[in-house]
Amino acid sequence: MLKLLNQALKITNDNIILAIPLIIFMWVINFYSLFSKYTVDSFPEFLLASVTILFMVGAFCAGWFYMIKEGISLSKKVFVLDEDRAKATLNLIKLIPTGIGKYFLSFVGMYVILFLIQVIVAFVVYVVGVKTIGVLDASSVQHFQAIATEQGQSSDQAMMSFVDSLSIDQIIFFGKWSMLFVFVSSAAFFLIMLWFPEIIYQSQNPILALGRSIIKLFKTFFKSLNLFLVMWIIGFILLFVNTFAFINPVAYLIMSIILFYYSVYVVVLLFLYYDKTFNCDAQIDENIPSHENNLLDGDESEDE
């Protein structure tokens, strides 16, 4: 496992260009979400905005995940000159349109299925929570509604008022609900974590890929669980530290960079694990046109 973690770290560092599409996409999606918040005021407009985001996510996932797969393939190549490797790394960005063309519909379908999974997870959390934890009494609900609708307070002030108004029993109550949500959400993500590389490496049908990925997950259950726990623990620590970074702009900027880097690292680690575990050599697909092979080779023929 340690060797896999180190290799994924090296691939991420050597191909840090992989972070650029993620950063641009997050900036665009945040801008569009903010724009929609103040302009969408009817159901047809909301539906149009939702479909737009759906297509944006599908295009990004298709291009970025394909780029990461080819980045892993590139790490297996031997270059005589560092200049050749640098050219090949920069040329990874040119493969994004190819990825979009091949996998766009796959990831649009995956996004729709993910939405349905989220609905199911929310329902499971609610049913299990009501039966095992319970619900708030009517007086507590009215109290929280009064705080939420109180005028003349900023969102931070309202949140502080909300927290200060909680009793010990209520804090324990919300803590149990939070733990239940984290547990069910983590279990759901564990079940689908091989879904993303399965689409890129094996099956473009998102439904078929989901079934195959779950089968492969259980075939390597403990090995996959170890990987998931490592990613989960590191992610939890970073998110915990990030909650304290808001008090300082410099610390917040540093943590934002670290979280972006970790996001790229996790995806590289997941794809590399799939490649090594299920014997997908991540070589250039035979269906890819020859000119794309030249892109990844960094135009070595010219240097010769």
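Being a predicted model, the structure only gives us computed values, none of them experimental.
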Indicate the atoms forming the closest heavy-atom contact of [X] with [Y], along with that distance.
{"X": "Ser224", "Y": "Met193", "result": "O-CE, 3.3 Å"}
{"X": "Leu191", "Y": "Ile214", "result": "O-CG1, 3.5 Å"}
{"X": "Ile93", "Y": "Ile17", "result": "CB-CD1, 4.3 Å"}
{"X": "Arg212", "Y": "Ser203", "result": "NH1-CB, 3.8 Å"}
{"X": "Leu22", "Y": "Ser263", "result": "CD2-CB, 3.8 Å"}
{"X": "Ile113", "Y": "Pro206", "result": "CD1-CB, 4.1 Å"}

Please check if [X] and [Y] belong to a single hydrophobic cluster, counting links between Ile, Leu, Val, Met, Phe, Trp and Tyr side chain heavy atoms closer than 4.5 Å.
{"X": "Phe115", "Y": "Val121", "value": "no"}
{"X": "Ile234", "Y": "Leu4", "value": "yes"}
{"X": "Val130", "Y": "Val182", "value": "yes"}
{"X": "Ile237", "Y": "Ile258", "value": "yes"}
{"X": "Phe240", "Y": "Tyr262", "value": "no"}

How about [X]: does its [atom1] atom have over 12 heavy atoms from other parts shown lying under 6.0 Å from it?
{"X": "Leu9", "atom1": "CG", "answer": "yes"}
{"X": "Phe181", "atom1": "CZ", "answer": "no"}
{"X": "Tyr252", "atom1": "OH", "answer": "no"}

Heavy-atom distance under 4.5 Å between the side chains of [X] and [Y], does that happen here?
{"X": "Phe228", "Y": "Ser186", "value": "yes"}
{"X": "Val125", "Y": "Phe183", "value": "no"}
{"X": "Thr89", "Y": "Arg85", "value": "yes"}
{"X": "Thr39", "Y": "Glu45", "value": "no"}
{"X": "Met67", "Y": "Leu92", "value": "yes"}
{"X": "Met110", "Y": "Phe196", "value": "yes"}
{"X": "Lys216", "Y": "Thr220", "value": "no"}
{"X": "Tyr261", "Y": "Ile16", "value": "yes"}

* Can you list the steps and then say if Leu229 with Phe190 is a side-chain contact (heavy atoms from CB on, under 4.5 Å)? -> CA-CA 9 Å; Leu229 290 176; Phe190 172 67; over 6 Å; no
So how far is it from [X] [atom1] to [Y] [atom2], rounded to the nearest 0.5 Å?
{"X": "Trp195", "Y": "Ile199", "atom1": "CH2", "atom2": "CD1", "answer": "6.0 Å"}
{"X": "Leu225", "Y": "Phe221", "atom1": "CG", "atom2": "CZ", "answer": "5.0 Å"}
{"X": "Leu238", "Y": "Ile233", "atom1": "CG", "atom2": "CD1", "answer": "12.0 Å"}
{"X": "Glu70", "Y": "Ile68", "atom1": "CD", "atom2": "CD1", "answer": "11.5 Å"}
{"X": "Leu259", "Y": "Leu239", "atom1": "CG", "atom2": "CG", "answer": "6.0 Å"}
{"X": "Leu114", "Y": "Phe189", "atom1": "CG", "atom2": "CZ", "answer": "10.0 Å"}

Point to revise | Centroid separation Tyr32 to Phe25 less than 6.0 Å | key: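 Centroid distance Tyr32-Phe25: not below 6.0 Å, so no.
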Any idea how [X] and [Y] line up, ring-wise: parallel (<30°), tilted (30 to 60°), or perpendicular (>60°)?
{"X": "Phe60", "Y": "Trp64", "result": "parallel"}
{"X": "Tyr274", "Y": "Phe278", "result": "tilted"}
{"X": "Trp27", "Y": "Phe31", "result": "parallel"}

side-chain contact (heavy atoms from CB on, under 4.5 Å), that's the test. Do Phe65 and Tyr103 meet it? Break it down for me.
CA-CA 9 Å; Phe65 287 155; Tyr103 301 105; over 6 Å; no
Side-chain donor/acceptor of [X] to backbone N/O of [Y], under 3.5 Å:
{"X": "Tyr111", "Y": "Phe55", "answer": "no"}
{"X": "Ser36", "Y": "Ser33", "answer": "no"}
{"X": "Gln202", "Y": "Glu198", "answer": "no"}

Side-chain hydrophobic cluster, 4.5 Å single linkage: members besides Leu208: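 For Leu208, no cluster forms, as it stays isolated from other hydrophobic side chains.
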Apply side-chain contact (heavy atoms from CB on, under 4.5 Å) to the pair Val108 and Leu54, showing each step before the final yes or no.
CA-CA 7 Å; Val108 167; Leu54 169 65; 4.0 Å; yes
Run the side-chain contact (heavy atoms from CB on, under 4.5 Å) check on Asn6 and Lys10 step by step: do they pass? CA-CA 6 Å; Asn6 290 335; Lys10 184 179 185 302; over 6 Å; no
